[in-house]
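Here's the structure, in structure tokens; my notes come after.
Keep in mind that this is a model prediction, so the values were computed, not measured. Whatever order the structure lists ligands and atoms in, that order sets their numbers, starting from 1. Numbers here simply count residues along the sequence, with the first being 1.
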Amino acid sequence: MQSELIAELKYVVGENYVLSSDVDLAVYECDAETLDIARPDLVVLPASTEQVQACVQIANKYNVPFTPRGAGTGLSGGATTVAGGISLVLTRMSGIIEIDKENMVAHVQVGLPNLALSKACEKFGLYFAPDPSSQAASTIGGNLAENSGGPHTLKYGMTCHHVAGVKVVLPDGKITTFGGKAKDNLGLDLLGVFVGSEGTLGVVCEAYVKLSAKPNLVQTMFCYFPDLEQGGQAVSDIVSSGVIPSAMEMVDKLSLNAVEDAFHIGLSREAGAILIVELDGAESSIALQKEIVVACVSRHQGFGITWAKDEKERATIWKARKSAFGALGRIAPHGYVLDGVIPRSKLREAIKRIEAIGKEYNLLISNIYHAGDGNLHPCLLFHRDDLEETKRVIQAGREILDLCLELGGTLSGEHGIGIEKIAEMPDAFSPKDLEAMEWLHHCFNPKSLCNPGKILPSLKLCGESGVRPLLRHQLSC
Ligand SMILES: Cc1cc2nc3c(=O)[nH]c(=O)nc-3n(C[C@H](O)[C@H](O)[C@H](O)COP(=O)(O)OP(=O)(O)OC[C@H]3O[C@@H](n4cnc5c(N)ncnc54)[C@H](O)[C@@H]3O)c2cc1C
């Protein structure tokens with residue numbers, strides 16, 4: 001990296017916030033998708049919107065790519081600097097500028113972790129509804145860029161349904177605001193374009209997010225099934241009956257055993273799957289919904305049905321789900337988490353065929369599902385140093401994504417495309433669709449300096465100039 005560039009960046013953000021040693025850069029070489037690794041040349045940590053603007057202007061002056069990054073919990077390689085350059089890390093920008101409880105809106109800096117916002121709003125009886133399982137670490141900026149979901153997406157929607165406005169630094173360094181604190185339905189919906197654009201259209205610096213009132217009553221149920229398929233059938237029946245739980249999550253035997261090994265919650269190791277169902281709302285309506293849920297579960301051999309008696313028991317139930325991915329680290333050092341979506345009615349078939357793919361490729365696959373909205377998270381366990389096994393993981397992953405498309409679903413429910421699923425984009429979109437997206441991308445990011453090599457397959461792939469060789473490419477190209 002040119003010394004003038006480094007000096008100018010240090011002048012803007014301070015000496016300590018431009019990192020360039022090998023050890024420091026190694027920390028930022030990937031996100032939580034560890035098949036794609038590419039070290040940045042520099043890591044820069046600005047503290048304000050104005051500092052982000054100055055950094056982007058400097059990157060433009062020297063023609064250096066820059067990739068926005070939050071907490072790096074992304075699961076599609078979105079924050080990985082595949083073309084090198086600057087990893088622009090927003091985590092110092094974690095301030096809450098205002099909580100407007102009357103209008104139920106918070107104005108925040110985007111490096112704020114998701115859960116920190118809900119905790120700060122607790123005293124007003126409010127919370128931020130999108131709740132990715134990574135919410136203790138993942139940032140509002142990352143949630144917004146990925147249009148993240150979570151267990152409660154089934155009833156409350158994705159991040160896009162809870163964002164009122166964003167203040168962004170565009171790829172050329174201009175600052176602009178889309179939407180705002182109050183309802184704003186004028187002109188082209190550029191806020192809608194920005195949310196879910198995975199950091200490819202600019203850097204979000206501040207956000208106006210909508211807060212929700214905490215529900216009066218929450219009832220959380222936990223039960224076991226002999227196998228995933230029966231659990232899947234119960235999930236289908238619950239939704240077909242007209243009950244929309246706030247969350248409906250499934251965890252398979254492999255994951256439940258890993259959780260039990262790690263946390264000794266007291267889970268039955270004999271069961272084939274766990275289902276968690278959460279209902280919220282008025283007491284009178286919940287009573288009827290509970291009856292329907294229990295009837296659906298019992299019809300498909302559900303057993304050990306337990307409703308949490310208090311907040312402590314509820315937290316224990318959620319621990320079985322939210323700590324499941326982490327617990328899998330006891331089985332293998334690396335896990336490739338997929339994010340395919342299928343129509344809920346195909347859950348049973350998908351579960352069977354994913355199991356068959358695991359057998360064919362001789363891989364351990366754990367299954368953790370946002371079952372209510374058909375969002376599958378098969379996690380393929382492996383050791384990255386075993387290149388032959390890693391190759392099988394990539395191939396099996398592709399087959400599972402193809403399966404999702406074949407069953408009428410899609411490539412991603414919430415983790416985004418990033419670098420991970422870029423090769424599959426032509427399977428999901430026609431050339432005309434992709435062309436329209438490229439055109440939009442070009443309008444915002446004509447020099448492709450902002451997060452290059454993501455989402456769109458036309459933007460340099462394996463072996464092309466500027467892109468660092470990724471393990472995936474070495475193994476499969
Ligand atoms: C254990 C675990 C559980 C998870 N559970 C869920 C889940 O339930 N639901 C879900 O949706 N996801 C989940 N994820 C994925 C991940 O946590 C989300 O995608 C999250 O929103 C990423 O936030 P982050 O701050 O870590 O972003 P990063 O990983 O740092 O970045 C993600 C993307 O956003 C872009 N970006 C980040 N900040 C900005 C910004 N300020 N402006 C513009 N672009 C930006 C980056 O360039 C990148 O493309 C999980 C991940 C893990 C590891």
Side-chain angles (χ1 to χ4, degrees), residues 28 30-34 36 40 46 49 52 56 65-82 86-94 108-116 130-154 157-160 166-171 194-207 247 249 255 318 321-329 335-339 341 368-370 373 375 377 379 412-420 444-445 450-455:
Y28 298 90
C30 64
D31 60 10
E33 189 268 277
T34 56
D36 298 303
T49 304
V52 171
V56 168
F66 54 95
T67 297
R69 182 180 176 110
T73 67
L75 284 165
S76 57
T80 304
T81 48
V82 294
I86 297 169
S87 180
L88 196 62
V89 181
L90 285 308
T91 46
R92 283 178 74 208
M93 294 174 53
S94 58
V108 299
Q109 285 187 304
V110 292
L112 182 72
N114 170 305
L115 192 58
D131 64 337
S133 301
S134 58
Q135 69 183 146
S138 66
T139 63
I140 300 290
N143 297 169
L144 229 138
E146 297 290 4
N147 191 16
S148 294
H152 292 84
T153 293
L154 179 61
M158 313 284 291
T159 300
C160 63
V166 288
K167 188 169 189 179
V168 303
V169 172
L170 294 171
F194 234 79
V195 178
S197 61
E198 302 187 28
T200 61
L201 303 183
V203 188
V204 185
C205 294
E206 295 168 35
E249 300 282 304
S255 316
W318 276 112
R321 162 65 180 89
K322 294 212 171 186
S323 58
F325 280 123
L328 290 169
Y336 174 32
V337 183
L338 293 162
D339 178 37
V341 181
I368 299 168
Y369 300 135
H370 297 309
D373 49 16
N375 192 180
H377 290 320
C379 179
S412 173
E414 53 187 21
H415 297 169
I417 298 300
I419 185 71
E420 177 223 349
F444 279 90
N445 191 7
C450 184
N451 206 359
K454 304 291 166 61
I455 304 184

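Side-chain contact between Cys205 and Met93 is present, with heavy atoms from C-beta onward closer than 4.5 Å. Between Asp31 and Asp36, every side-chain heavy-atom pair lies at or beyond the 4.5 Å cut-off.
Lys454 and Glu198 are not joined by a salt bridge, as no carboxylate oxygen comes within less than 4.0 angstrom of a charged side-chain nitrogen.
With hydrogens and angles disregarded, a donor-acceptor distance shorter than 3.5 Å links the side chain of Ser76 to the backbone of His415. The closest donor-acceptor contact from the side chain of Asn147 to the backbone of Cys160 lies under 3.5 Å.
Under 3.5 Å, the side chains of Ser94 and Gln109 contain no donor-acceptor pair of N or O atoms.
A distance limit of 4.0 angstrom between heavy atoms and ligand 1 selects the residues Ala32, Pro68, Arg69, Gly70, Ala71, Gly72, Thr73, Gly74, Leu75, Gly78, Ala79, Leu90, Val110, Pro132, Ser133, Ser134, Ser138, Thr139, Gly141, Gly142, Asn143, Ala145, Glu146, Ser148, Gly149, Gly150, Glu198, Gly199, Gly202, Val203, Val204, His370, Glu414, His415, Asn451.
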